[in-house]
Number of protein chains: 2
Amino acid sequence: MDDRPVTEQNRTLGALLRLTYEAMQREVYGALAARGFPEIRPAHSAVFRHIGPGGSRLTTLAERAGMTKQSMAYLVEGLQAAGHLRSVPDPSDGRARIVRLTARGEAVLAALLALSGEAEARVAERIGERRAGRLRRALEHWVAELDEAG
Amino acid sequence: MDDRPVTEQNRTLGALLRLTYEAMQREVYGALAARGFPEIRPAHSAVFRHIGPGGSRLTTLAERAGMTKQSMAYLVEGLQAAGHLRSVPDPSDGRARIVRLTARGEAVLAALLALSGEAEARVAERIGERRAGRLRRALEHWVAELDEAG
DNA sequence: ACCTTTCGTCAGTTTATCTGACGATATATA
DNA sequence: TATATATCGTCAGATAAACTGACGAAAGGT
């Protein structure tokens, strides 16, 4: 049957970013599961990426992650039930609660950062240090431009 | 309040890929909506990327996109309702149907490719042709390695 | 002719987002 | 100070985008 997709080799930059991003994600979250944290899913990174060392308010997390507080509450609820977060009343505001990482949550954050570093090192092995360095620098430049533009 | 996120500047390669991928996606699908196709969402690209010029079977699309046929059927159903696809019985197999792009669907595919090219050109303007070229080549290398590894 | 596989669908579930409404509390103003 | 307004987190419900399991109809192999 002559049924080749039109855009198979015709790879857009978006497609390249998607494929590599997904590969990275599979690697990191697969390894995290193997290390004893199978309950941590990619969506949870919104919490780990934005939580402060002394904890943060739900509203702050939601704002930083660019999502609604209801959505963030859903993620926090799951992590809390699994023992990665605890939430304590905010002494300075009776409406608010401070969400903090537990020891287990800190371990997940540390593992995520370590595994991401390892995954990047493996990429460098595969495509070469030079290219990997250029890749990272180009992406950093791009992201800096995005930050400027808002 | 001293509540800076731990990993704000500490950007992993995965985070860089995610930020740029999402920026690309916002740009392309935003422009696509502005061109008269607001109903096309990123998930639909699984169909446009993998459909053949003469149409494809649902099962083929699902396999290529790496998802279940039920999930692919859900995407196809939406595109069909919006007039981007039509499905005709497969003359060579009574169980199967061939999903084909309509003229409107072809227009979407063309627009997606054109807008992706334009978005990439704008990235090159922002970070420089040299860096953009290196970025694309590094990603292409990486993806080639992924294809080899399976 | 029968067994097995494949195609697409039906039914139901989960994850990850969203909107709208609301009580409780905090802050600003008249 | 009394009141109006804004903010914090939650309740309820919707939607998108995936999943699993089961199944009838059709095809293919023995």
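Since the structure is predicted, the reported quantities are computational estimates derived from the model, not experimental observations. Residue numbers start from 1 in every chain, and the chains themselves are labelled A, B, ... in the order their sequence lines are given, proteins ahead of strands.
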- Taking the nucleotide of DNA chain C with the closest heavy atom to each, which residue, A:Gly94 or A:Gly66, is nearer the 5' end?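 Its nearest nucleotide lies further toward 5', so the answer is A:Gly66.
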- Query: Just by modelled atom types, is the A:Gly83 backbone N or O under 3.5 Å from a matching donor or acceptor in the A:Arg104 side chain?
  - Reply: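 Checked: no pair found.
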Which pair of non-hydrogen atoms, one from [X] and one from [Y], has the smallest distance, and what is that distance?
X: B:Arg136; Y: B:Glu120; answer: NE-OE2, 2.7 Å
X: A:Leu112; Y: A:Val28; answer: CD2-CG1, 3.8 Å
X: A:Ile127; Y: B:Ala138; answer: CD1-O, 4.1 Å

Whole angstroms only, please: what is the [atom1]-[atom2] distance between [X] and [N]?
X: B:Tyr74; N: C:dT13; atom1: OH; atom2: P; result: 18 Å
X: B:Leu79; N: D:dA16; atom1: CG; atom2: C1'; result: 13 Å
X: A:Glu77; N: C:dA16; atom1: CD; atom2: P; result: 12 Å
X: A:Met72; N: D:dG9; atom1: CE; atom2: P; result: 12 Å
X: B:Leu75; N: C:dT9; atom1: CG; atom2: P; result: 13 Å
X: B:Glu39; N: D:dT15; atom1: CD; atom2: C1'; result: 17 Å
X: B:Gln25; N: C:dT17; atom1: CD; atom2: C1'; result: 14 Å
X: B:Lys69; N: C:dT6; atom1: NZ; atom2: P; result: 10 Å

- Query: Between B:Asp93 and B:Ala46, which has a closest nucleotide on DNA chain D that is more 5'?
  - Reply: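 It is B:Ala46, whose closest nucleotide lies nearer the 5' terminus.
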- Query: Which sits closer to the 5' end of DNA chain D, A:Ala73 or A:Arg95, going by the nucleotide each is nearest to?
  - Reply: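 Final value for this comparison: A:Arg95.
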- Message: Can you tell me which nucleotide in D:dC19, D:dC8, C:dC7 comes closest to the side chain of A:Arg57?
- Response: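 From the listed options, D:dC8 comes nearest.
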- Is there a donor and acceptor pair, one atom on the side chain of B:Gln70 and one on the base of D:dG21, closer than 3.5 Å?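 Counting by modelled atom types and ignoring angles, a donor-acceptor contact under 3.5 Å is found here.
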Are OP1 or OP2 of [N] and a side-chain N or O of [X] less than 4.0 angstrom apart?
X: A:Thr68; N: C:dC18; result: yes
X: B:Arg97; N: C:dC7; result: no
X: B:Thr59; N: C:dG8; result: yes
X: A:Arg41; N: C:dA16; result: yes

- Does a salt bridge link B:Lys69 with B:Glu63, judged by any charged N lying under 4.0 Å from a carboxylate O?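 The answer is no: the pair does not qualify as a salt bridge.
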